[in-house]
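Can you keep this structure in mind? I'll have questions shortly.
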2 protein chains.
Amino acid sequence: MIQLDYKSSVPICDQIVNGIIRLKALGILKNGSQLPSVRQLAMQLSVNPNTIQKAYGILETNGIVCSVKGKGSFVSDDTAAEQAVLDRAKANFLEAVAKARELGLTTDQLTELVQQSKEGVDAK
Amino acid sequence: MIQLDYKSSVPICDQIVNGIIRLKALGILKNGSQLPSVRQLAMQLSVNPNTIQKAYGILETNGIVCSVKGKGSFVSDDTAAEQAVLDRAKANFLEAVAKARELGLTTDQLTELVQQSKEGVDAK
DNA sequence: AAACTGTACTAATTGAAATAGTACACTTGT
DNA sequence: ACAAGTGTACTATTTCAATTAGTACAGTTT
C-alpha cells in the first residue's frame, strides 16, 4: 500500500507520513478506518517499530490520525486537519512554482505543464 | 548574493549549486563572467573551501561553469547546458504537480495558484 | 619568486536518522 | 484473572552522509 524508497534521502519516517496522507487524500483510507498497528506495519515495511511510532505521532500531532492506547490507530475525520493538508499542499506547490520561475520557466510554460499533466491523468 | 540556510536539511553544497544556477537564470551572472575563487567564496559564505570545490565541480560536470587551473572559474555559455537546466526545472515542476494532485488539488486550483503567483511577481 | 588560481587527497567531526532493546499502560476477549 | 493484543516512552547504539580540517600539488599571472 505504501511504497518506500530505502535509498532515498527523504527519511523513511517522512515517506510513511506522506504515504498515509496521500492514501487518505485519494480516498483509499476511509475516515474512521483502522490503520495497521505499529508492530504490524513495521513488519510489513521491514522497518523498526520506532519509525512507525514516530510517523504515527507526527500524523496525530497534525490531526490526521487518532491513536488510542490499547485500541489502535485510526484515520481521523477532522475536517480542520484536511483543510490544513490542503493548505500545506498549496504552500508546497507555490514553493515549487517559485523555484521553477527562478530557473527561467514562465507563467505560460507552467500553466501549460499543469494542463499537460491533466491530460495524462484523464488518459489513465 | 547567495543566501544559505545552514539549518536546512538540504546540503550546503546543493544550495550553492542551485544558487548559482538561479543567479545565471535570472541574468545576474552573465555568460563568461568570472566567479569568485574557491577560497574567496568559502570565506564569504563561511563554509569550507572543499564544499565550494565540490559545488563548482558539480556545476562543471553539468556544463554550467568552466573551471581552469590557475585562472579561475567562469560562467559557461553552453546553450545545451541551459536547455538541460530548463528540462530539469520542468521535470521537477511536474513532480510537484503530481504530488499536489495526490493531496487533492485539482487542475483548476493549480492553474489558479500559478496565475496568482504571477501577479505577485508582477507587483514586485 | 610570490601570490594567486583550481584540484586531489586523507582524516576527523558532526548530526540526523534509523535500529535495537526494554518497559509500561491500556483494551479486548477468553 | 489472564493472555494477547494495542500505543507509548525511554536509552543506547549504529549507520551514513555532509561537512570540516589540513595538507599538498599543478597551473597562471604579475
Side-chain angles (χ1 to χ4, degrees), chain A residues 1-20 24 29 32-78 81, chain B residues 1-20 24 29 32-78 81:
Chain A
M1 227 160 180
I2 293 182
Q3 193 60 30
L4 290 187
D5 178 5
Y6 302 94
K7 303 171 193 167
S8 168
S9 68
V10 178
I12 292 179
C13 175
D14 292 355
Q15 291 186 46
I16 294 169
V17 169
N18 293 333
I20 291 180
K24 188 184 178 191
L29 286 179
S33 64
Q34 183 161 11
L35 292 167
S37 79
V38 168
R39 294 168 179 81
Q40 259 185 3
L41 189 55
M43 288 278 292
Q44 205 180 106
L45 299 179
S46 304
V47 299
N48 194 283
N50 292 331
T51 306
I52 306 293
Q53 181 194 342
K54 194 175 169 192
Y56 278 10
I58 292 172
L59 288 166
E60 170 140 46
T61 300
N62 290 77
I64 295 163
V65 310
C66 176
S67 295
V68 184
K69 208 185 275 186
K71 299 191 71 171
S73 300
F74 304 85
V75 178
S76 162
D77 59 354
D78 183 347
Chain B
M1 226 158 180
I2 293 182
Q3 193 59 32
L4 291 186
D5 178 4
Y6 302 94
K7 302 172 193 166
S8 167
S9 69
V10 178
I12 292 179
C13 176
D14 293 355
Q15 291 185 46
I16 294 169
V17 168
N18 294 332
I20 290 181
K24 188 184 179 193
L29 286 178
S33 64
Q34 184 162 11
L35 291 168
S37 79
V38 168
R39 293 169 179 79
Q40 259 184 2
L41 189 55
M43 289 277 292
Q44 205 180 106
L45 299 179
S46 304
V47 298
N48 194 282
N50 292 331
T51 306
I52 307 293
Q53 180 194 342
K54 195 174 167 190
Y56 278 9
I58 292 172
L59 289 167
E60 171 141 44
T61 300
N62 289 78
I64 295 163
V65 311
C66 176
S67 295
V68 183
K69 208 184 275 187
K71 300 191 70 172
S73 300
F74 305 85
V75 179
S76 162
D77 59 354
D78 183 347

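So that the names make sense, note that chain A is the first sequence line, chain B the second, and so on, each numbered from 1.
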At their closest point, which heavy atom of B:Gln15 faces which heavy atom of B:Gln3, and how far apart are they?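 Taking B:Gln15 first and B:Gln3 second, the nearest heavy atoms are OE1-O, 4.2 Å.
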
How close do A:Gln34 and A:Gly72 get, heavy atom to heavy atom, and via which atoms?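 Taking A:Gln34 first and A:Gly72 second, the nearest heavy atoms are NE2-CA, 3.9 Å.
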
Could you tell me how far apart B:Leu41 (CG) and D:dT20 (P) are, to the nearest whole angstrom?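 In whole Å, D:dT20 P and B:Leu41 CG are 12 Å from each other.
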
Taking all heavy atoms of B:Gly32 and all of B:Phe74, pick out the closest pair and write down the distance.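 Reported closest heavy-atom pair: O-CD2, 3.9 Å.
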
According to the side-chain hydrogen bond (donor to acceptor under 3.5 Å, both in side chains) rule, which pairs have a member within residues 51-68 of chain B, sequence neighbours left out?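 As it turns out, the side-chain hydrogen bond (donor to acceptor under 3.5 Å, both in side chains) pairs with a partner in residues 51-68 of chain B, which skip direct neighbours, are B:Ser67-B:Ser73.
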
A:Tyr56 OH to D:dT8 P, straight-line distance once rounded to whole Å: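 These atoms are roughly 10 Å apart.
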
Closest approach of B:Gly63 and B:Ser76, non-hydrogen atoms and distance?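 Result for this residue pair: O-OG, 3.2 Å.
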
Please work out which residues in residues 43-54 of chain B have a non-hydrogen atom less than 4.0 Å from an atom of DNA chain D and list them by number.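 Under 4.0 Å from DNA chain D: B:Val47, B:Asn48, B:Asn50, B:Thr51.
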
Anything under 4.0 Å to a heavy atom of chain A counts; send over the first and last such nucleotide of DNA chain C, read 5' to 3'.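 Under 4.0 Å from chain A, the extent on DNA chain C is C:dA17 to C:dT28.
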
Could you tell me which non-hydrogen atom of B:Ile20 sits nearest to which non-hydrogen atom of B:Val65, and how far apart they are?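 Looks like CG2-CG1, 4.5 Å.
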
Report the distance from atom CD1 of A:Ile12 to atom C1' of D:dT14, rounded to the nearest whole Å.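 Result: 14 Å.
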
Give me the residues of residues 57-73 of chain B where at least one heavy atom lies under 4.0 Å from an atom of DNA chain C, by number, or none.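 Residues of residues 57-73 of chain B under 4.0 Å from DNA chain C: B:Glu60, B:Ser67, B:Val68, B:Lys69, B:Gly70, B:Lys71, B:Gly72, B:Ser73.
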
Taking side-chain hydrogen bond (donor to acceptor under 3.5 Å, both in side chains) as the test, write out the residues that go with B:Asn50, two or more places apart.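 Result, side-chain hydrogen bond (donor to acceptor under 3.5 Å, both in side chains) vs B:Asn50: B:Asn48.
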
Hey, can you pull the residues of residues 1-9 of chain B with a non-hydrogen atom under 4.0 angstrom from DNA chain C?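 Within residues 1-9 of chain B, no residue comes under 4.0 Å of DNA chain C.
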
